[in-house]
Amino acid sequence: MSSKPIIVSGIQPTGNLHVGNYLGAVKNWVELQNSDKYEMYIFIADLHSLAGNMTAKERHEQIIRTSAELIASGIDPDKTTLFVQSHVAEHTELAWIFNTVTPISELERMTQFKDKSQQQLKNINTGLFTYPILQAADILLYGGQMVPVGQDQIQHVELTRDIAKKFNKKYSKYFPETKHLLTKIPKVMSLLEPEKKMSKSLGEGHVIELADEPNVIEKKLKKAVTASGGGEGAPGVENLLLLLKQFSSGDSYKDFEKAEKAGTIRYGDLKSEVGNAVAEYFAEFREKRNELMMNHDELAEILIAGADKANPVASKTMEEVRKLVGIR
Ligand code: ADP
Ligand code: TRP
């Protein structure tokens, strides 16, 4: 067994990756992976996505697409155990055990549950409520010590730590106390409602997808909200400046920052500069993604190989946990 610290993170197969996912999580995963300092588990949280509104067909396609996009972003299946959550049955078994140590009141505090319930008023299912318990199982099954995620997931990682503590107190000190790991950009804002987090669930025009072609990026940015009332520090403008800083290869963001302070900034110019920078940054990604998408069999093989690596680890944890709780 490796003695490197263990990192676990996941993403739902609910839509194409967008620049919020990338700057808040995926870019960090790739950097952590390439540092060779950690043992990494990255998975596609298909079971979590069942609590949402996608059709079975959409979900099936999206699992393949998400895996292609993660690999095109730089996740290397030789370095990272990349797999699909439902391919490892122990996630749900451990989640059940964690159900029995998690107070309902803890789940009621979760802001993602409150938000998602508002977004899908006709489908407030129990899975949406117990979602963070499955997430704790995802992490602790592999002894995850660090979880790189965006800001919106901090609460779930804190709950994971509480669940581990409760289990350790009730049975035996077994699980580590997991910490979250943020990037420098834990929250990218929506293009159309820059006071809200950029999220797939807000709709197409709110996000820039990594796979968007240059003309699509340009069109979306044209509609992006800037400083409707005028004035320095408007969230829409700050967000565009942030994107420019992250994705441009040069220093042009400095000129735009200066112009913003001086009140001479031209939003049209800023938008086209951001558009060019994003389109160029992800040019290689788009090419790689399209190549991978032409070969579903190869992707399926990668995911099976990932599950083959994850399964023995998960099965060992569950054997030990079953003994600790007295069911084996
Ligand atoms: P979405 O909200 O678009 O459905 P997910 O919930 O699938 O995105 O998020 C996957 C990962 O990306 C999580 O680690 C999450 O914290 C991060 N993330 C999502 N949106 C953003 C954002 N706008 N800014 C920073 N990180 C984000
Ligand atoms: N809840 C996470 C999200 O919405 C996805 C996720 C599921 C996850 N299980 C996880 C993230 C375990 C980190 C660790 O983005």
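All residue numbers refer to positions in the sequence shown, counting from 1.
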Listed by chain and number, what are the side-chain contact (heavy atoms from CB on, under 4.5 Å) partners of Leu324, not counting sequence neighbours?
Phe167, Ser172, Tyr174
Please verify the inter-ring angle class for Phe129 with Phe113; under 30° counts as parallel, over 60° as perpendicular, anything in between as tilted.
perpendicular
Under the side-chain contact (heavy atoms from CB on, under 4.5 Å) test, residues paired with Pro235 that sit two or more places apart
Pro194
Under a single-linkage rule joining Ile, Leu, Val, Met, Phe, Trp and Tyr whose side-chain heavy atoms are separated by less than 4.5 Å, which residues share a cluster with Ile154?
Leu182
Which residue pairs satisfy the side chain to side chain donor-acceptor pair (under 3.5 Å) criterion with at least one member in residues 239-259, sequence neighbours excluded?
Ser252-Glu273
Lys116: partners by side chain to side chain donor-acceptor pair (under 3.5 Å), with sequence neighbours left out:
none
side-chain contact (heavy atoms from CB on, under 4.5 Å) filter on Glu291, not counting sequence neighbours, yields none
Using the side-chain contact (heavy atoms from CB on, under 4.5 Å) criterion, which residues pair with Arg109? Sequence neighbours excluded.
Glu106, Gln155
With sequence neighbours excluded, tell me which residues meet ring-ring contact (aromatic ring centres under 6.0 Å, His included) with His48.
Tyr131
N/O donor-acceptor pairs under 3.5 Å from side chains in residues 139-153, not counting sequence neighbours:
| unit_1 | atom_1 | unit_2 | atom_2 | d |
| --- | --- | --- | --- | --- |
| Tyr142 | OH | His91 | NE2 | 3.0 |
| Gln145 | OE1 | Ile6 | N | 2.7 |
| Asp152 | OD2 | Lys197 | NZ | 3.3 |
| Gln153 | OE1 | Gln135 | NE2 | 3.2 |
| Gln153 | OE1 | His156 | ND1 | 3.0 |
| Gln153 | NE2 | Gln112 | OE1 | 2.8 |

Partners meeting salt bridge (Lys or Arg N to Asp or Glu O under 4.0 Å) with Arg161 (sequence neighbours left out)
none
Could you pull out all residues at least two apart from Ser86 that satisfy side chain to side chain donor-acceptor pair (under 3.5 Å)?
Asp46
Ser49 and Gln12: side-chain donor and acceptor closer than 3.5 Å?
no
Tracing side-chain contacts under 4.5 Å among Ile, Leu, Val, Met, Phe, Trp and Tyr outward from Leu134 reaches Leu47, Leu50
